[in-house]
Amino acid sequence: QMSSTHNTSVNFDAHWKDDPNSGSDTDIDVLPQHIIQEIQKKVRHRDGHKLLQATRRNAIILGRTRTGKSTCVNVLKDVTHVPPMPTLFSETKDAQFKPFSLKDDNGKKGSIPTNYTINIVDTPGLFEVNRVSEGDGRDNSFIKKCIRKCLENEIARIHCVLIFLTVEGGINDKDVKAIEIFLEDFASSKVTACLCITHAESFDKRRKDKVVEELKNYPKASKLIDQHKVKILFMGCVDPDMHSDPIALTNAYNKVAKMRKKLLKTIFQADDQGALLASLKAIKQSNESTLMLAKECRNFLVSMTEKQRDM
């Protein structure tokens with residue numbers, strides 16, 4: 001039992017241990033607030049389970065088959081990700097939910113880091129060709145599956161739409177058509193739209209500038225980019241062939257890290273509110289199945305509101 005005169009020099013280490021006999025019903029004097037706060041500070045420092053405040057960003061990634069969507073998600077998680085050997089067919093068959101968390105140091109020494117929880121909805125490719133044994137190519141009903149995946153994981157708002165495109169074979173009408181479909185269904189003034197040029201790990205500045213110029217000179221693409229204020233970024237990953245040369249490998253990782261940083265910054269800087277899933281054109285179209293999704297979305301929003309009211 002402590003005396004009425006409080007000792008401010010508590011031996012914290014001596015008392016911070018598991019003691020089955022600790023705890024007493026004996027009345028004690030209330031400690032001064034500054035002593036309580038000092039003990040609490042030391043306890044938090046020793047605690048192995050710390051609460052992190054995180055800003056949420058929900059993003060849908062879209063693109064034609066073989067544009068590196070899934071590889072990009074893995075590089076966002078780990079800049080040193082090495083992709084598996086390529087196959088002739090896309091491995092993403094259904095919409096997948098891929099959440100992960102990152103700490104952003106804000107690029108300034110001494111600044112307070114910001115924690116982000118990024119929820120990615122990875123979609124199968126538009127105009128996808130599946131293995132012959134699995135039937136015909138996938139139609140564009142994947143958009144509805146994408147929305148269902150959002151609802152299943154309680155994503156009511158979208159902050160970013162990332163559209164993936166590879167320009168290795170040049171830009172063609174199918175690429176532009178895919179961009180048009182994605183922007184029509186998911187674009188909003190509250191959603192950051194980004195056109196991500198993949199397989200760009202070997203691009204220098206001149207090549208990147210040329211790609212941007214070609215996109216802006218392609219009439220249909222240029223109109224869509226201007227209309228929806230689409231940001232054009234580049235992304236890639238390190239080729240396993242680089243693993244035999246330490247200097248080339250280091251330079252390759254540095255290049256990928258810079259592209260990754262720009263893409264993450266775009267995601268982080270998206271509007272905090274984003275757009276309600278129910279407000280996007282993808283679930284406001286007039287066909288029956290889409291209307292059912294709209295109803296599911298509205299019901300979900302109502303249930304979430306009720307949960308918040310009960311808390």
Side-chain angles (χ1 to χ4, degrees), residues 1-59 72-82 96-122 150 152-160 192 250 253-254 256-274 300 303-311:
Q1 185 173 350
M2 299 184 68
S3 63
S4 56
T5 302
H6 297 295
N7 181 6
T8 59
S9 58
V10 177
N11 187 343
F12 183 80
D13 291 329
H15 294 279
W16 185 253
K17 59 184 179 179
D18 294 330
D19 184 357
N21 298 316
S22 64
S24 171
D25 294 332
T26 305
D27 292 336
I28 60 173
D29 295 336
V30 176
L31 293 168
Q33 191 63 29
H34 72 279
I35 296 179
I36 294 174
Q37 291 176 349
E38 181 64 25
I39 292 174
Q40 288 175 340
K41 181 180 179 181
K42 291 179 178 179
V43 170
R44 292 191 193 100
H45 180 72
R46 298 279 184 117
D47 185 19
H49 305 88
K50 292 178 173 60
L51 177 66
L52 295 177
Q53 299 293 334
T55 299
R56 177 179 293 189
R57 288 292 180 266
N58 301 325
C72 179
V73 175
N74 289 324
V75 173
L76 289 178
K77 294 178 182 179
D78 177 9
V79 69
T80 65
H81 170 73
V82 178
Q96 298 177 3
F97 183 64
K98 299 180 176 180
F100 59 96
S101 298
L102 293 174
K103 181 182 289 185
D104 177 33
D105 62 8
N106 302 310
K108 298 179 181 178
K109 189 175 181 179
S111 63
I112 299 175
T114 303
N115 299 309
Y116 287 93
T117 296
I118 302 176
N119 297 315
I120 297 284
V121 178
D122 187 5
C150 290
E152 288 171 8
N153 291 281
E154 299 190 352
I155 294 178
R157 293 179 179 273
I158 300 298
H159 301 95
C160 303
T192 296
T250 301
Y253 276 134
N254 183 46
V256 171
K258 289 179 179 179
M259 292 189 288
R260 174 180 181 261
K261 184 176 181 179
K262 287 184 179 181
L263 181 53
L264 284 172
K265 185 177 180 180
T266 299
I267 296 172
F268 295 159
Q269 292 181 344
D271 189 286
D272 285 334
Q273 293 298 315
F300 168 71
S303 67
M304 289 293 290
T305 303
E306 291 175 348
K307 285 181 183 178
Q308 292 175 351
R309 190 185 302 124
D310 293 338
M311 292 178 63

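Any value given below was found using the heavy atoms of this structure, including those in side chains, with hydrogens, waters and symmetry copies removed.
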**Q** Please identify each residue that fulfils side chain to side chain contact (heavy atoms under 4.5 Å, CB included) with Thr250, with sequence neighbours left out.
**A**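 Partners of Thr250 under the side chain to side chain contact (heavy atoms under 4.5 Å, CB included) test: none.
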
**Q** Roughly how far, to the nearest 0.5 Å, is the CD1 atom of Ile158 from the OG1 atom of Thr192?
**A**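 Output value for this atom pair is 12.0 Å.
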
**Q** Would you call Glu38 and Lys42 a side-chain contact if the rule is heavy atoms closer than 4.5 Å?
**A**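 Counting from C-beta outward, Glu38 and Lys42 do come under 4.5 Å.
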
**Q** List for me each residue that meets side chain to side chain contact (heavy atoms under 4.5 Å, CB included) alongside Ile36, sequence neighbours excluded, and say none if there are none.
**A**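 With sequence neighbours excluded, Ile36 shows a side chain to side chain contact (heavy atoms under 4.5 Å, CB included) to Leu31, Gln33, Gln40, given in chain and number order.
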
**Q** Measuring from atom CD1 of Ile155 to atom CZ of Phe97, what distance do you get when rounded to the nearest 0.5 angstrom?
**A**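 Taking CD1 in Ile155 and CZ in Phe97, the distance rounds to 4.5 Å.
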
**Q** For the side chain of Arg157 and the backbone of Asn58, is there at least one donor-acceptor N/O pair under 3.5 Å apart?
**A**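 No: the side chain of Arg157 does not pair with the backbone of Asn58.
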
**Q** Taking all non-hydrogen atoms of both residues into account, name the closest pair between Val75 and Arg260 and its distance.
**A**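 The answer is O-NE, 2.9 Å.
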
**Q** Measure the NZ-CD1 distance between Lys262 and Ile267 for me, rounded to the nearest 0.5 Å.
**A**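 Separation between the atoms: 15.0 Å.
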
**Q** Between Leu102 and Leu264, is any pair of side-chain heavy atoms under 4.5 Å apart?
**A**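 Touching, per the 4.5 Å side-chain cut-off.
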
**Q** Where do Thr55 and Thr114 land on the side-chain contact (heavy atoms from CB on, under 4.5 Å) test, with the steps shown first?
**A** CA-CA 8 Å; Thr55 299; Thr114 303; 4.1 Å; yes

**Q** Using the rule given for salt bridge (charged side-chain N to carboxylate O under 4.0 Å, His left out), can you reason through Asp271 versus Arg57, listing the C-alpha separation, both sets of side-chain angles and the distance that settles it, and then say yes or no?
**A** CA-CA 9 Å; Asp271 189 286; Arg57 288 292 180 266; over 6 Å; no

**Q** Counting C-beta onward and ignoring hydrogens, is there a side-chain heavy-atom pair between Leu263 and Cys72 closer than 4.5 Å?
**A**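 In contact.
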
**Q** Just by modelled atom types, is the Asp272 backbone N or O under 3.5 Å from a matching donor or acceptor in the His159 side chain?
**A**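 Here the side-chain-to-backbone pair exists.
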
**Q** Atom CG in Asp104, atom NZ in Lys261: separation rounded to 0.5 Å?
**A**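 Here the interatomic distance stands at 8.5 Å.
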
**Q** Please round to the nearest 0.5 Å and tell me the distance separating atom OG1 of Thr117 and atom CZ of Phe100.
**A**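 Answer for the OG1-CZ pair, Thr117 versus Phe100, is 10.0 Å.
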
**Q** Can you tell me how far the NE2 atom of His81 sits from the CG atom of Leu76, to the nearest 0.5 Å?
**A**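 Nearest 0.5 Å value for the NE2-CG distance: 10.5 Å.
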
